[in-house]
Amino acid sequence: MLLHNLLPGLSIDCVIFGFHQNELRVLLLKMKQSERWSLPGGFIRLDRDVDEEAAHILHTRTGLDNIFLKQFHLFGKQNRSNTSHIEPLIEQNVLPASSFQWFDQRFATIGYYALVEYASVTQPIADTTSDCIAWCPLPDIPSLILDHHQIIEHARVALKEELNFRPVGRNLLPDEFTMPELQSLYETILETSLDRRNFRRKILSLGILKDTGKKRLGAANKAPSLYTFDEVKYAEAVEKGFKSGFL
């Protein structure tokens, strides 16, 4: 760890959302020598832009590039930093003793959230201070270090607000999906039920979907149509936003 190449006092924490079995999940790391978990994150190299560093962190943990990544908040409370999760790592020689002074300084952290298609992260990669990395459902988040619970909750609220005025489904669903699957995603993020006919009318009026002409075979009910996102119109909607939301 070449600490002299890093920007002091500032870190990055990424809330990586995936959608699976009708629930949002977050990618978390289990700390070595601890029962607590953490968000994927890191520090900022002096020769790297902040957004570039966040994308690098995301790629290192998921193996993915060019996915939705948004900076949503700076967490900078005076008492947010402590070394309780670092001391066991130093005691067990996971981190060198010389790094304690670095971790003992006050840190503000930049929160990013990322949206990834769950099935595309086939082998998430833990870092050197973690035993493992795993997807955790939002209702079942384990004990976390520092203020990472607060960061996740803040990201969830930011995603909910974003979904009301910009599309996000392309990053969380497979390339082809049914209207009920898309509605389930929206209901999960918005934390409310949506009328089926009103949702269909609203989402089709946005012009961001294309009917593939194919059906979901093997469904319990009548085979539903498969849709995909119109890449050009979707990108325009992300840039310009909607005039009215779903709530």
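Excluded from the calculations below are hydrogen atoms, water molecules and symmetry mates; all remaining heavy atoms, backbone and side chain alike, are included. Nothing fancy with the numbering, it's 1 onward along the sequence.
Using modelled atom types, one finds no donor on one side chain facing an acceptor on the other under 3.5 Å when comparing S225 with K214. Counted by atom type alone, S184 and N22 present one or more donor-acceptor pairs between their side chains at under 3.5 Å. When only modelled atom types and interatomic distance are considered, Q101 and Q105 share no side-chain donor-acceptor pair under 3.5 Å.
Without hydrogens or angle criteria, S130 side chain to A126 main chain gives no donor-acceptor distance under 3.5 Å. Within the 3.5 Å criterion, the main-chain N or O of E117 finds a donor-acceptor partner in the side chain of S120. In terms of modelled atom types and a separation under 3.5 Å, the side chain of E35 and the main chain of S143 share no donor-acceptor contact. Using modelled atom types, one side-chain atom of T60 and one backbone atom of H56 make a donor-acceptor pair closer than 3.5 Å. Between the side chain of E53 and the main chain of R48, no donor-acceptor pair closer than 3.5 Å is present. Judged by distance alone, with hydrogens and angles left aside, the side-chain atoms of D49 form no donor-acceptor pair with the main-chain N or O of D51 at under 3.5 Å. A donor-acceptor pair is defined here as one N or O able to donate and one able to accept, closer than 3.5 Å; such a pair exists between the side chain of R106 and the backbone of G76. With D195 contributing its side chain and N198 its backbone, the two residues share a donor-acceptor pair below 3.5 Å. With T62 contributing its side chain and V121 its backbone, the two residues share no donor-acceptor pair below 3.5 Å. With hydrogens and angles ignored, the 3.5 Å screen pairs no side-chain donor or acceptor of K77 with any backbone N or O of S81.
Cluster membership check: V157 does not share its hydrophobic cluster with V15, using side-chain heavy-atom separations under 4.5 Å among Ile, Leu, Val, Met, Phe, Trp and Tyr. Under the 4.5 Å side-chain contact rule for hydrophobic residues, L204 and L226 do not share a cluster. Each of L173 and I16 belongs to its own hydrophobic cluster when Ile, Leu, Val, Met, Phe, Trp and Tyr are linked at side-chain heavy-atom distances under 4.5 angstrom. Following chains of ILVMFWY side-chain contacts shorter than 4.5 Å, one can reach L159 starting from V26, so the two form part of one hydrophobic cluster. By the rule that hydrophobic residues join a cluster once side-chain heavy atoms approach within less than 4.5 Å of another member, L24 and L64 end up as members of separate clusters.
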**Request:** Step by step, work out the side chain to side chain contact (heavy atoms under 4.5 Å, CB included) result for L6 and W102.
**Result:** CA-CA 10 Å; L6 303 176; W102 169 266; 3.7 Å; yes
**Item:** Worked check of salt bridge (charged side-chain N to carboxylate O under 4.0 Å, His left out) between K210 and E176
**Value:** CA-CA 10 Å; K210 295 192 297 185; E176 296 179 349; over 6 Å; no
**Request:** Would you please test D131 and M31 for side chain to side chain contact (heavy atoms under 4.5 Å, CB included) and show each step?
**Result:** CA-CA 6 Å; D131 283 327; M31 302 289 294; over 6 Å; no
**Item:** side chain to side chain contact (heavy atoms under 4.5 Å, CB included) evaluation trace for T178 with Y227
**Value:** CA-CA 6 Å; T178 66; Y227 292 85; 5.9 Å; no
**Request:** Decide yes or no on side chain to side chain contact (heavy atoms under 4.5 Å, CB included) for L27 and F17, but give the supporting numbers first.
**Result:** CA-CA 7 Å; L27 202 59; F17 288 112; over 6 Å; no
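Note: F75 and H154 have perpendicular aromatic rings, judged against thresholds of 30 and 60 degrees for the angle between ring planes. Classified by interplanar angle (parallel below 30°, tilted 30° to 60°, perpendicular above 60°), the ring pair W135/Y118 is tilted.
Annotation for A114 and I67: closest pair CB-CD1, 4.4 Å, computed over non-hydrogen atoms. The shortest heavy-atom contact between A237 and I208 is CB-CG2, 4.0 Å. Shown here for T109 and S11, the closest heavy-atom pair between the two residues is OG1-OG, 2.9 Å. Here the closest non-hydrogen pair linking L172 and V116 is CD2-O, 3.5 Å. Across all non-hydrogen atoms, the minimal contact from F72 to I151 is CZ-O, 3.7 Å. In terms of heavy-atom proximity, T122 sits nearest to A119 at CG2-O, 3.5 Å.
Other residues, nucleotides and ligands contribute only 12 or fewer heavy atoms inside 6.0 Å of the NZ atom of K233. More than 12 heavy atoms of other residues, nucleotides or ligands shown are found within 6.0 angstrom of CG on D104.
Distance CD/Q183 to CD1/I203: 10.0 Å, rounded to 0.5 Å. Note that the OG1 atom of T128 and the NZ atom of K32 stand 6.5 Å from one another [nearest 0.5 Å]. One finds the CZ atom of F68 at 12.0 Å from the OH atom of Y112 (value rounded to the nearest 0.5 Å). Separation of atoms CD1 (I145) and CG (L39) is listed at 8.0 Å; rounding is to 0.5 Å. L163 CG to R166 CZ: the interatomic distance, rounded to the nearest 0.5 Å, is 12.0 Å. Put simply, NE2 on H148 and CG on L29 are 10.0 Å apart, with the number rounded to the nearest 0.5 Å.
The residues D147 and R80 are annotated as salt-bridged, a charged nitrogen and a carboxylate oxygen being separated by less than 4.0 angstrom. Using a cut-off of 4.0 Å between Lys/Arg side-chain N and Asp/Glu carboxylate O, R156 and E191 are scored as salt-bridged. Salt bridge absent: E162 and K160 never bring a charged side-chain N and a carboxylate O closer than 4.0 Å.
Listed by chain and number, the residues in a ring pair (Phe, Tyr, Trp, His ring centres under 6.0 Å) with H149 amount to none (sequence neighbours excluded). Considering only residues two or more places apart in sequence or on other chains, E181 meets the salt bridge (charged side-chain N to carboxylate O under 4.0 Å, His left out) condition with R216. Take R170 and apply the side-chain contact (heavy atoms from CB on, under 4.5 Å) test, not counting sequence neighbours, and it matches F229, E231, Y234.
Using a 4.5 Å cut-off on side-chain heavy atoms (C-beta onward), P137 and H20 make no contact.
Ring-centre distance between Y186 and F199: below the 6.0 Å cut-off.
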